[in-house]
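Positions are given from 1, in the same order as the sequence printed here.
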Amino acid sequence: MDEYIEEALQQGYICLPKSPAASSFFFVTKKDGGLWPCIDYRTLNKINVKFRYPLPLIPASLEQLHGATIFTKLNLHSAYNLIWICKGDEWKTAFVTSTGHYKYWVMPYGLVNAPSVFQDFMHEVLRDFLHKFVLVYIDDVLVYSWSMAEHRQHVAEVLQSLREFKLFLKDEKCSFHQSSV
């Protein structure tokens, strides 16, 4: 926990707050054996005004892939941390640990609106490619094409757009130029 807190402080993702709120903080084990930080925002989520940006429906998304033969799967690394909490609302993200009381400057996982806000952001980042050769589901991006030549071009365009928004990939979760995913 100390390592997570220290790293988040150094990155400017969290700070020591003056906040009347605090949610509990703990870790859960990920599939790969690592630890995933969790904050119990259930009370906050109950009273939050919901941002109703829809997540894509899988059946509708799959229809776009008809006839595609080449696929690249991209997974973003720590991308939620690019979304800043609205000025004046940071206090709501406060959490408490055995080492202190902190609040987020950036969007943490666990907030009710985090997935829809991030989906909206990703649709802005990749708007020019959606429904042509890109599917986006939160932090997962699928590039699909009908030939290797066009696929290389599509992947290059997507990577350039991600770079412009300072979005980085989780290399171990990406696969390039596959015949199936």
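His151 and Thr72 form a side-chain donor-acceptor contact under 3.5 Å, judged by distance and modelled atom types alone. Counting only N and O atoms by type, the side chains of Gln64 and Tyr144 include a donor and acceptor under 3.5 Å apart.
Atom CG of Leu55 is separated from atom OG of Ser61 by 10.0 Å, given to the nearest 0.5 angstrom. We find the SG-CG distance between Cys15 and Leu9 to be 8.0 Å, quoted to the nearest 0.5 Å. Distance CZ/Phe118 to CG/Asn81: 9.5 Å, rounded to 0.5 Å. Atom-to-atom distance recorded for Leu130:CG and Met122:CE is 9.0 Å, nearest 0.5 angstrom. The CZ atom of Phe121 sits 14.0 Å away from the CD1 atom of Ile138 when rounded to the nearest 0.5 Å. Between the CZ atom in Phe51 and the CG atom in Asn113 there is a gap of 8.0 Å [rounded to 0.5 Å].
Leu135 pairs in a side-chain contact (heavy atoms from CB on, under 4.5 Å) with only one of the listed residues (Leu62, Val143, Leu65, Val141), which is Leu65.
Atom CG of Asp32 has more than 12 heavy atoms from other residues, nucleotides or ligands within 6.0 Å. Applying the 6.0 Å contact sphere to CD of Glu3 captures no more than 12 heavy atoms from other residues, nucleotides or ligands. The number of heavy-atom neighbours closer than 6.0 Å to NZ of Lys46, taken from other residues, nucleotides and ligands shown, is 12 or below. Within a 6.0 Å radius of NZ in Lys30, more than 12 heavy atoms belonging to other residues, nucleotides or ligands are found. For Lys173, the NZ atom sits in a loose shell: 12 or fewer heavy atoms of surrounding residues, nucleotides or ligands are nearer than 6.0 Å. The neighbour count for His77 NE2, taken as heavy atoms of other residues, nucleotides or ligands under 6.0 Å away, does not exceed 12.
With hydrogens and angles ignored, the 3.5 Å screen pairs no side-chain donor or acceptor of Glu150 with any backbone N or O of Ser145. At least one donor-acceptor pair closer than 3.5 Å links the side chain of Gln119 to the backbone N or O of Val136. Judged purely by atom type and a 3.5 angstrom limit, Trp91 has no side-chain atom pairing as donor or acceptor with the backbone of Ala21. Under the 3.5 Å distance criterion, the side-chain polar atoms of Asn45 are matched with a main-chain donor or acceptor of Val112. Under the 3.5 Å distance criterion, the side-chain polar atoms of Ser23 are matched with a main-chain donor or acceptor of Asp40.
Between Tyr109 and Tyr80, the ring center distance clears the sub-6.0 Å criterion. Annotation: Tyr102 is not in aromatic contact with Phe25 [ring centroid separation under 6.0 Å not met]. For His177 and Phe71, the ring centers are positioned 6.0 Å apart or more.
Val158 and Phe168 fall into different hydrophobic clusters, defined by Ile, Leu, Val, Met, Phe, Trp and Tyr side-chain heavy atoms under 4.5 Å apart, directly or through other members. Criterion: ILVMFWY side-chain heavy atoms under 4.5 Å apart, direct or through other members. Under it, Leu82 and Val125 are part of a common hydrophobic cluster.
A pairwise comparison of heavy atoms in Trp146 and Gly67 identifies CD1-O, 2.8 Å as the closest pair. Ile85 approaches Met107 most closely through the heavy-atom pair CD1-CA, 3.7 Å. The two atoms that bring Ile14 and Ile5 nearest to each other are CD1-O, 3.8 Å, heavy atoms only. Annotation for His101 and Ala94: closest pair NE2-CB, 3.8 Å, computed over non-hydrogen atoms. Minimum heavy-atom separation, Ser161 to Phe129: CB-CE1, 3.9 Å.
Ring geometry for Phe133 versus His154: interplanar angle under 30°, hence parallel rather than tilted (30 to 60°).
Residues Ile70 and Phe176 are not in side-chain contact: their nearest non-hydrogen atoms beyond the backbone lie 4.5 Å or more apart. Two residues are said to be in side-chain contact when any heavy atoms from C-beta on lie closer than 4.5 Å; Phe27 and Met1 meet this criterion. At least one side-chain heavy atom of Asp139 sits under 4.5 Å from a side-chain heavy atom of Asn75. Side-chain contact check for Tyr41 versus Asn48: every heavy-atom pair is 4.5 Å or farther apart. With a 4.5 Å cut-off on side-chain heavy atoms, Leu74 and Leu159 count as touching. Side-chain atoms of Ser116 and Arg52, non-hydrogen and from C-beta on, never get closer than 4.5 Å to each other. Within the 4.5 Å cutoff, side-chain heavy atoms of Ile39 are placed close to those of Tyr104. Under the 4.5 Å side-chain criterion, counting only non-hydrogen atoms from C-beta, Leu162 is in contact with Leu76.
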